[in-house]
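Counting convention: from 1, in listed order, for ligands and their atoms alike. Position 1 is the first residue of the sequence, and the numbers go up from there. For clarity, every value in this text was computed on a predicted model and none was experimentally measured.
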Amino acid sequence: MEIKKAIIPIAGLGTRFLPLTKVLPKEFFPLVDKPLLHYIVEEAVNSGIKEIILVTKPGQNLSLDYFKKSIWWVRSRRKKKKEALEELEKLNQLVKKISFSQVFQKESLGDGQAVLMAKKLIKDEACAVLFCDDIVESKTPALEQLINVFQKYRTPVIALYALPKEKLSSYGIVDIKKMEKNLYEIKGISEKPSFESAPSNLAIVGKYIITPEVFHFLEKPSLAAGEIRLAGAFNQMIKRGKKIFGCQIEGKWLECGDKISYLKSNLYLMLKHPRFSPELKKFIKKEKIL
Ligand code: UTP
């Protein structure tokens, strides 16, 4: 069973980025020079995904516009814009490798409910779920790492990342039984536990492989604060004796879900970017910013 489809929910409220998210979904915020969504689509394509299902708010067509082939711009080619047009051409090439569809989530009733909206486009197959908040810089794409686990064990797989103790209370933290290097069976998920009660130091990153059974559990939700959450469905499944695996991702997690993490991730990538970093470093020195 191959993983061919990825659901990308982008219908959240983006509260942590207000007021900007009143008009622009955070998935379109740039990380250096590309929107977050662009990185996630690249990750999907590089992991062998052929079909992307975007879950958006009704009438939010930015995503399809962004990935539409841009003939007009390419035709108006001008020499000094060559570099920019090359970037556009790279995007066109990326889009050629994948098809997009869109479903709507009328109200932001939770990440699990958003995923459920895509169910009608998923047949009896496992698929990926990717959140744009979570970019991973790695040799092997993070999603491919999850797919490799799925191919072997055929269970849902959740991406995990080790964090220092003082950060655990801001994340979903997993209770685990170690299976092998970087692989765990998940025994439960605690949402934002206190530092003392955290069951491990492994946090959930927004990348998953889900099986058709996960949809079944999302349809009978135990609502947490009025929302249908993926974490809730996984906890229900574990209680019923279903196996869920966690894969500790190899790479660097670049969080983008709140303002300070987003700024740090930008800074990290900008100062490593072959094209921008020399100039930026000179600027920092000249202005004595650091
Ligand atoms: P988040 O937990 O980051 O929530 O959602 P959010 O609403 O986007 O942001 P905050 O917490 O209000 O600041 C994880 C992913 O699930 C999507 C989001 O767009 C994001 O990509 N999501 C969340 C939905 O599509 N619908 C929802 O109802 C909730």
Going by atom type alone, with no hydrogens or angles, which donor-acceptor pairs under 3.5 Å involve a side-chain atom of residues 25-36 and a protein atom two or more places apart or on another chain?
unit_1 : atom_1 : unit_2 : atom_2 : d
Lys26  : NZ     : Asp133 : OD1    : 3.2
Lys26  : NZ     : Asp133 : OD2    : 3.2
Lys34  : NZ     : Glu42  : OE1    : 3.1
Lys34  : NZ     : Glu42  : OE2    : 3.3

Glu125/Lys5 ion pair, N-O < 4.0 Å:
yes
Indicate every side-chain donor-acceptor pair of residues 244-257 with a distance under 3.5 Å to a residue at least two apart or in another chain.
unit_1 : atom_1 : unit_2 : atom_2 : d
Gln248 : OE1    : Tyr184 : OH     : 3.2
Glu250 : OE2    : Asn182 : ND2    : 3.3
Trp253 : NE1    : Asp134 : OD1    : 2.9
Glu255 : OE1    : Tyr171 : OH     : 2.8
Glu255 : OE2    : Tyr171 : OH     : 2.7

Regarding Glu137 and Lys272, does a basic nitrogen lie under 4.0 Å from an acidic carboxylate oxygen?
yes
Can you confirm whether Phe195 sits close enough to Glu166 that some side-chain heavy atom of one is under 4.5 Å from a side-chain heavy atom of the other?
no
When you look for protein heavy atoms under 4.0 Å from ligand 1, which residues do they belong to?
Pro9, Ile10, Ala11, Gly12, Leu13, Gly14, Thr15, Arg16, Lys26, Glu27, Gln105, Ser108, Leu109, Gly110, Asp111, Ala114, Phe131, Asp133
Output a table of donor-acceptor pairs, distance under 3.5 Å, between side-chain atoms of residues 109-118 and any protein atom two or more places apart or on a different chain; print 'none' if there are none.
unit_1 : atom_1 : unit_2 : atom_2 : d
Asp111 : OD1    : Arg229 : NE     : 3.4
Asp111 : OD1    : Leu230 : N      : 2.8
Asp111 : OD2    : Arg229 : NE     : 3.3
Gln113 : OE1    : Gln105 : NE2    : 2.8

